[in-house]
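Down below is the structure, laid out as structure tokens.
Letters go in sequence order (proteins before strands), and every chain restarts at 1.
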2 protein chains.
Amino acid sequence: MSLDTRLSGILHVLLHMAEHHGPVTSEVLARAMHTNPVVVRRVMAGLREQGLVASTKGHGGGWTIACDMQRTTLRQVYDAVGSPALIALGNRSERPTCLVEQAVNAALDETFREAEALMLERLGSVSLAALSADFHARMVAGGHSIDHHTHSHDAENSR
Amino acid sequence: MSLDTRLSGILHVLLHMAEHHGPVTSEVLARAMHTNPVVVRRVMAGLREQGLVASTKGHGGGWTIACDMQRTTLRQVYDAVGSPALIALGNRSERPTCLVEQAVNAALDETFREAEALMLERLGSVSLAALSADFHARMVAGGHSIDHHTHSHDAENSR
DNA sequence: ACTCATGTAACTGTGTATGTTACATGATGG
DNA sequence: CCATCATGTAACATACACAGTTACATGAGT
């Protein structure tokens, strides 16, 4: 099954934005994410509605972070991109009258709900600031200077 | 995203088979699962390769359970259907050179791996016999007699 | 032989994320 | 005020995987 990469992509974009002073255009963000500017805008629209980012038009316009990165968690970003399904498996029918299927659903649903709850809890425990700090730690560990214009991006888009 | 219902469907089928004495044909199982006999055979092929079920051709042929239901877990059934992805989210690129993306991937991957491990652990802790026992308990609780020919199946195939 | 049932290939249907094109809207700078 | 830049959004194309369907071959039983 093909995976939903919107959360991954938008987090990438947010962290890049955090390294900039002024607004960043969709085109610049799209290049960093190896995708199309329209795709960026589409996903960012959800974040804007939640007040996580703001957009300005015209010359010198673009996207800016409009939230406190210390208080904003990955969970909020996840919800802002539409809270897509976390679990890739499901039951063939909800509310079946067949007792066999009810037993199967009960067993699987409990497992699914537990895993889902765990993921949501984990996402809720990581702030954007923590993610950004991790990035800076990696930069120091790799011997890079704090220069966000020299990040290289690989072209592989596998999985 | 549309969900993978093979595990759910095949467990339904296995529990139905457990209520029968002799072999059950793909057509009968397909009716219980509200699907096509070929779909049943396709998924059952994986179980046969793992020795969980056996098939016989010709008159009076069909599918029979070929494993110890006490010792066989949902995890084994899950593996037999091809171990499909459990998590519906993913990263835009594996092994990125971009440090920002590395940080994002690390955070998300850990969450995903934990949830996946939890699900596999849960699936591994439930035997087919336990599932079947749960089914029988539901039958008693609902005041049904042990007559597996009167199970009704609903027609809704939502989600 | 005839029938029944599995075994498979090949094709279609469907839903969703993703990618792309096109154009409208609004803001800025000369 | 007009050209340019950037977002906003609709519309359409593409890719992919599960699911469903048709068709036919293979083998077992009567």
Side-chain angles (χ1 to χ4, degrees), chain A residues 1-10 12-13 17 22-31 33-49 53-64 66 78 81-93 157-159, chain B residues 1-10 12-13 17 20 22-31 33-49 53-64 66 81-93 157-159:
Chain A
M1 170 161 312
S2 65
L3 307 170
D4 188 327
T5 64
R6 281 176 294 179
L7 179 60
S8 166
I10 214 66
H12 184 178
V13 151
M17 285 168 64
V24 191
T25 68
S26 303
E27 184 166 340
V28 168
L29 295 177
R31 259 200 293 274
M33 233 176 82
H34 296 296
T35 183
N36 195 290
V38 177
V39 174
V40 173
R41 292 192 199 114
R42 191 147 61 196
V43 183
M44 292 292 269
L47 302 215
R48 188 187 51 222
E49 283 169 19
V53 299
S55 60
T56 56
K57 293 180 171 180
H59 279 272
W63 300 90
T64 49
Y78 162 75
V81 300
S83 311
L86 294 170
I87 308 297
L89 304 189
N91 295 124
R92 281 194 69 83
S93 61
N157 249 25
S158 53
R159 186 159 165 185
Chain B
M1 170 160 311
S2 66
L3 307 170
D4 188 327
T5 64
R6 282 176 292 179
L7 178 60
S8 166
I10 213 66
H12 185 179
V13 150
M17 285 169 63
H20 279 256
V24 191
T25 67
S26 303
E27 184 165 340
V28 168
L29 295 177
R31 259 198 294 274
M33 232 176 83
H34 296 297
T35 184
N36 195 290
V38 177
V39 175
V40 172
R41 291 192 199 114
R42 192 147 58 196
V43 182
M44 292 293 269
L47 302 215
R48 188 187 50 223
E49 284 170 18
V53 298
S55 61
T56 56
K57 293 181 174 180
H59 279 271
W63 300 90
T64 49
V81 300
S83 311
L86 294 170
I87 308 297
L89 304 189
N91 295 124
R92 283 193 68 86
S93 61
N157 250 27
S158 53
R159 188 159 165 185

Checklist entry - Is any side-chain N or O of Thr5(B) closer than 4.0 Å to OP1 or OP2 of dA19(D)? => result yes
Checklist entry - Can you tell me if the side-chain N/O atoms of Thr35(B) get under 4.0 Å from OP1 or OP2 in dG20(D)? => result yes
Checklist entry - Taking CG from Asn91(A) and C1' from dA19(D), how many angstroms apart are they, rounded to a whole number? => result 16 Å
Next on the checklist: In whole Å, I'd like the distance from the CZ atom of Arg41(A) to the P atom of dG19(C).
Outcome noted: 14 Å
Checklist entry - What integer distance in Å separates Leu3(A):CG from dG15(C):P? => result 20 Å
Checklist entry - Would a distance-only check, ignoring hydrogens and angles, find a side-chain to backbone donor-acceptor pair under 3.5 Å from Arg6(B) to Val43(B)? => result no
Item to check | N/O donor-acceptor pair, side chain Arg42(A) with base dG19(C), under 3.5 angstrom | outcome: yes
Checklist entry - Which nucleotide, dT20(C), dT21(D), dT18(C), lies nearest any side-chain atom of Asp4(A)? => result dT18(C)
Next on the checklist: Taking the nucleotide of DNA chain C with the nearest heavy atom to each, does Ser26(B) or Val38(B) sit closer to the 5' end?
Outcome noted: Ser26(B)
Checklist entry - When the distance from CZ of Arg48(A) to C1' of dG8(D) is rounded to whole Å, what number comes out? => result 7 Å
Next on the checklist: Looking only at the side chain of Lys57(A) (C-beta and beyond, no hydrogens), which of the listed nucleotides dA5(C), dG8(D), dT3(C) gets closest?
Outcome noted: dG8(D)
Checklist outcome for this item: Among dA10(C), dT6(C), dT7(D), the one nearest any side-chain atom of Ser55(B) is dT6(C)
Checklist outcome for this item: The nucleotide from dA6(D), dG19(C), dT22(D) with an atom nearest the side chain of Asn36(A) is dG19(C)
Item to check | Residue closer to the 5' end of DNA chain C, Val43(A) versus Thr56(A) (nearest nucleotide) | outcome: Val43(A)
Checklist entry - Quick one: does Arg41(B)'s side chain have a donor or acceptor within less than 3.5 Å of a partner on Ser26(B)'s backbone? => result no
Checklist entry - In whole angstroms, how far is the C1' atom of dT18(C) from the CE atom of Met44(A)? => result 17 Å
Item to check | Atom-to-atom span, CG of Leu7(A) to C1' of dA17(C) - whole angstrom | outcome: 14 Å
Checklist entry - Can you tell which of dG8(D), dA5(C), dG7(C) lies closest to the side chain of Trp63(B)? => result dG7(C)
Checklist outcome for this item: note: Glu27(A), atom CD; dG19(C), atom C1'; distance rounded to Å ~ 15 Å
Next on the checklist: I need the Trp63(A) CH2 to Met17(A) CE distance, nearest 0.5 Å.
Outcome noted: 8.0 Å
Checklist entry - Got Tyr78(A) and Leu86(A) here, is their nearest side-chain heavy-atom distance under 4.5 Å? => result yes
Checklist entry - Which part of the nucleic acid, if any, lies within reach of Arg6(B) when heavy atoms closer than 4.0 Å are counted: base, sugar-phosphate only, or nothing? => result sugar-phosphate
Checklist entry - How many Å lie between CG on Leu29(A) and P on dA6(D), as a whole number? => result 12 Å
Checklist entry - Are the side chain of Thr25(B) and the backbone N or O of Val28(B) linked by a donor-acceptor pair below 3.5 Å? => result yes
Checklist entry - Would you say the base of dT3(C) and the side-chain of His59(B) have a donor-acceptor pair closer than 3.5 Å? => result yes
